[in-house]
Protein chains: 2
Amino acid sequence: MHALAGDERIPIYQRLADTLRQSVITGALKPGDRAPSENFLSDEYGLAPGTVRKALDVLVGEGVFERFQGKGTFVRRPSFDASLFRFFRFRGPDGEFRVPESRILRREIEPMPGHVCVALEVSKGTPGISMSRLRMHEGTPVVAEEIWLEHAPFAKFADMPAEEIGALLYPVYDRECGRLVARAEETMTVEAASREIARLLRIDAGAPVIVIDRIAKGYDNKPIEWRRSRGRADQFTYQTEIR
Amino acid sequence: MHALAGDERIPIYQRLADTLRQSVITGALKPGDRAPSENFLSDEYGLAPGTVRKALDVLVGEGVFERFQGKGTFVRRPSFDASLFRFFRFRGPDGEFRVPESRILRREIEPMPGHVCVALEVSKGTPGISMSRLRMHEGTPVVAEEIWLEHAPFAKFADMPAEEIGALLYPVYDRECGRLVARAEETMTVEAASREIARLLRIDAGAPVIVIDRIAKGYDNKPIEWRRSRGRADQFTYQTEIR
DNA sequence: CACTTATACTTCTATATAGAACCATAACTG
DNA sequence: CAGTTATGGTTCTATATAGAAGTATAAGTG
């Protein structure tokens with residue numbers, strides 16, 4: 001039976017939630033893994049089942065865990081890489097959403113610009129990996145992306161041959177560099193297409209484009225990747241509920 | 001001590017949540033009101049405090065109630081009328097958000113178009129109230145709106161003198177017609193400004209505008225109002241978190 | 001072998017109890 | 001009368017217990 005770490009003044013269930021969250025951050029628990037059962041935890045820490053359950057409630061609410069009655073509690077697989085394209089709604093003939101093909105146009109190592117350094121919380125001038133990527137749907141370009149990564153933790157990624165990089169980057173970050181993306185913050189704006197963007201997306205210069213800036217973060221809330229995506233605005237829809 | 005209504009097969013805490021939600025729907029509990037205390041409810045229905053608390057958890061999660069330790073549990077005031085304009089971020093000199101002034105340009109009774117009938121879940125050709133409204137911020141127009149209401153429940157609103165209608169419509173719907181808006185669904189797209197819209201918003205025809213379609217709904221989830229708002233896209237930002 | 005049954009494990013619901021933490025207000029005190 | 005203290009209300013945390021409901025697997029049965 002172990003004692004629970006953390007400040008004694010904050011509630012036990014919070015401290016247990018912190019402990020479990022930490023084991024996801026360190027990678028002791030990986031997405032898809034089953035967390036220790038409620039009974040196990042209440043024995044392990046000498047707590048009432050209700051207290052353990054409340055701790056799990058917190059993590060389920062945060063989207064870190066998900067529960068299945070009779071099966072167990074599992075680390076949730078964050079699979080939102082396709083979320084941007086849910087907005088753009090590119091569907092195949094069967095009505096299902098498609099992950100677009102992607103082509104990396106450029107990948108270089110250079111000092112990161114100021115606003116990226118701020119977003120990634122590193123000191124100014126830190127070397128980074130700069131990428132341009134074009135995402136295609138059935139042969140037609142739909143989204144143009146600029147991506148920045150801090151070079152040091154992603155050195156292995158920088159050296160990978162382009163053929164080994166698939167349509168989704170986040171699994172590669174995890175597998176090759178041990179950087180796991182858990183969530184992201186996005187800011188959406190509209191601008192007129194520059195000549196460069198118009199050429200890539202095959203639209204008229206000055207036509208409206210949706211710009212989505214994304215900062216991808218880990219379970220520890222530390223920024224991992226900066227990304228700016230531009231797509232033609234005429235097939236863009238975004239739905240939300242407010243209250 | 002009262003018995004709890006509803007199907008015996010569904011959990012007690014769910015049935016209690018349903019009961020309390022219903023009293024918000026009927027208006028027995030209005031936004032800002034304090035709900036019966038946890039102790040009162042557990043006495044009233046002969047339930048354990050934990051069960052009552054779990055029922056309240058459900059409603060807090062839905063955004064129907066909000067809790068304040070030591071004070072009580074209250075029906076949440078849905079104050080999202082300004083939310084659309086939070087996206088547009090018009091702030092006063094003090095940095096606070098401003099509710100823009102509004103001018104009703106037109107208000108007529110006519111059959112509702114098909115897509116509005118679908119959205120408001122009424123049969124085709126039902127008479128409705130059609131409004132055009134222009135919202136201004138410090139003298140400059142920022143958002144142009146088309147609004148549709150079913151005529152029958154809002155007959156009193158149709159007859160109101162324009163001077164009595166303020167900048168916010170939802171409080172009027174509640175006060176005059178007993179229709180309380182609890183939440184809304186919004187869909188956002190981008191289009192080029194028509195000549196009509198360009199004139200209203202004082203921008204160039206063809207310039208990008210944000211279009212937000214909103215269906216406002218009551219606590220019972222029944223649609224109340226259909227609204228299409230158009231604002232200039234060049235000062236639009238929207239932030240969200242995904243995971 | 002195919003099908004059913006038992007079992008052990010999981011989460012989920014519900015009860016009962018006790019006290020802490022917080023808030024508003026009434027009562028008291030100087 | 002102003003400031004402090006007590007009191008009774010509220011939500012919040014935590015314990016302990018019991019069984020239901022759902023899932024997967026092992027054991028038994030024809």
Side-chain angles (χ1 to χ4, degrees), chain A residues 1-21 23-24 29 32-77, chain B residues 1-21 23-24 29 32-77:
Chain A
M1 190 179 108
H2 288 120
L4 208 47
D7 193 329
E8 304 259 333
R9 291 168 299 184
I10 62 179
I12 297 174
Y13 78 95
Q14 283 285 4
R15 277 150 60 200
L16 177 55
D18 291 344
T19 303
L20 292 170
R21 194 187 303 101
S23 65
V24 175
L29 282 176
D33 286 356
R34 192 170 82 185
S37 78
E38 298 180 357
N39 289 336
F40 178 87
L41 288 170
S42 64
D43 289 348
E44 177 80 357
Y45 293 100
L47 301 175
T51 306
V52 170
R53 198 169 163 72
K54 196 163 180 180
L56 294 178
D57 282 343
V58 171
L59 295 169
V60 170
E62 289 176 5
V64 177
F65 285 168
E66 57 186 337
R67 285 197 270 224
F68 300 96
Q69 183 174 358
K71 300 177 73 172
T73 303
F74 298 82
V75 181
R76 188 166 156 273
R77 243 178 252 280
Chain B
M1 189 179 105
H2 288 118
L4 209 46
D7 192 330
E8 303 259 334
R9 292 168 299 183
I10 62 179
I12 297 174
Y13 78 95
Q14 283 284 4
R15 278 149 61 198
L16 177 55
D18 291 344
T19 304
L20 292 170
R21 194 187 302 101
S23 65
V24 175
L29 282 175
D33 287 356
R34 194 170 81 185
S37 76
E38 298 181 356
N39 289 336
F40 178 87
L41 287 171
S42 63
D43 289 350
E44 179 79 356
Y45 292 100
L47 300 175
T51 306
V52 171
R53 197 167 165 72
K54 195 164 179 179
L56 294 177
D57 281 343
V58 171
L59 295 168
V60 169
E62 289 176 7
V64 176
F65 285 168
E66 58 186 336
R67 286 197 269 222
F68 300 95
Q69 183 173 359
K71 299 179 75 174
T73 303
F74 299 81
V75 181
R76 189 164 155 274
R77 237 179 256 281

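Every chain is numbered from 1, with letters handed out A, B, ... down the list of sequences.
- Shown here are the side-chain hydrogen bond (donor to acceptor under 3.5 Å, both in side chains) partners of A:Arg67, two or more places apart in sequence or in another chain: A:Asp57.
- A heavy-atom distance below 4.0 Å to DNA chain C is reached by these residues of residues 33-48 of chain A, ordered by number: A:Ser37, A:Glu38, A:Asn39.
- Applying the side chain to side chain contact (heavy atoms under 4.5 Å, CB included) criterion to B:Pro49, with sequence neighbours excluded, gives no partner residue.
- With sequence neighbours excluded, the residues satisfying side-chain hydrogen bond (donor to acceptor under 3.5 Å, both in side chains) with A:Glu62 are A:Arg21.
- Interface residues of residues 11-21 of chain B facing DNA chain C, ordered by number: B:Pro11, B:Ile12, B:Tyr13; criterion, heavy-atom separation under 4.0 Å.
- Between chain A and DNA chain D, the heavy-atom contact criterion of under 4.0 Å yields a 5' to 3' nucleotide range of D:dT13 to D:dA24.
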Q) What is the per-nucleotide protein-contact pattern of nucleotides 19-26 of chain C, from the 5' end, where B denotes a base atom under 4.0 Å from a protein heavy atom, S denotes such proximity for sugar-phosphate atoms only, and - denotes neither? A) --BBSS--

Q.
Just to be sure I follow the notation: if a pair is Watson-Crick (purine N1 to pyrimidine N3 plus N6-O4 or O6-N4) or a G-U wobble (N1-O2 and O6-N3), each under 3.5 Å, what dot-bracket string does DNA chain C give, with | for pairs to another strand?
A. ||||||||||||||||||||||||||||||

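- Of the residues in residues 51-61 of chain B, those with a non-hydrogen atom less than 4.0 angstrom from any atom of DNA chain C are B:Thr51, B:Lys54.
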Q: For the pair A:Thr51 and A:Tyr45, evaluate side chain to side chain contact (heavy atoms under 4.5 Å, CB included) and give the outcome as yes or no after the intermediate values.
A: CA-CA 11 Å; A:Thr51 306; A:Tyr45 293 100; over 6 Å; no

List, one per line, each side-chain donor-acceptor pair under 3.5 Å for residues 33-43 of chain A, sequence neighbours excluded.
| from | atom 1 | to | atom 2 | distance (Å) |
| --- | --- | --- | --- | --- |
| A:Asp33 | OD2 | A:Lys30 | N | 2.8 |
| A:Arg34 | NH1 | A:Lys71 | O | 3.2 |
| A:Ser37 | OG | A:Phe40 | N | 3.1 |
| A:Glu38 | OE2 | A:Arg53 | NH1 | 2.7 |
| A:Ser42 | OG | A:Glu38 | O | 3.4 |
| A:Ser42 | OG | A:Asn39 | O | 2.9 |

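- Distance check: B:Leu29 CG to B:Thr73 OG1 gives 11.0 Å after rounding to the nearest 0.5 Å.
- Between B:Leu56 and B:Leu20 the shortest side-chain heavy-atom distance falls below 4.5 Å.
- Listed by chain and number, the residues in a side chain to side chain contact (heavy atoms under 4.5 Å, CB included) with A:Arg15 are A:Leu4, A:Glu8, A:Ile10, A:Ile12 (sequence neighbours excluded).
- Checked against side-chain hydrogen bond (donor to acceptor under 3.5 Å, both in side chains), B:Glu44 has the following partners two or more places apart in sequence or in another chain: B:His2.
- Contact annotation: the side chain of B:Tyr13 never approaches that of B:Leu47 to less than 4.5 Å [non-hydrogen atoms, C-beta and beyond].
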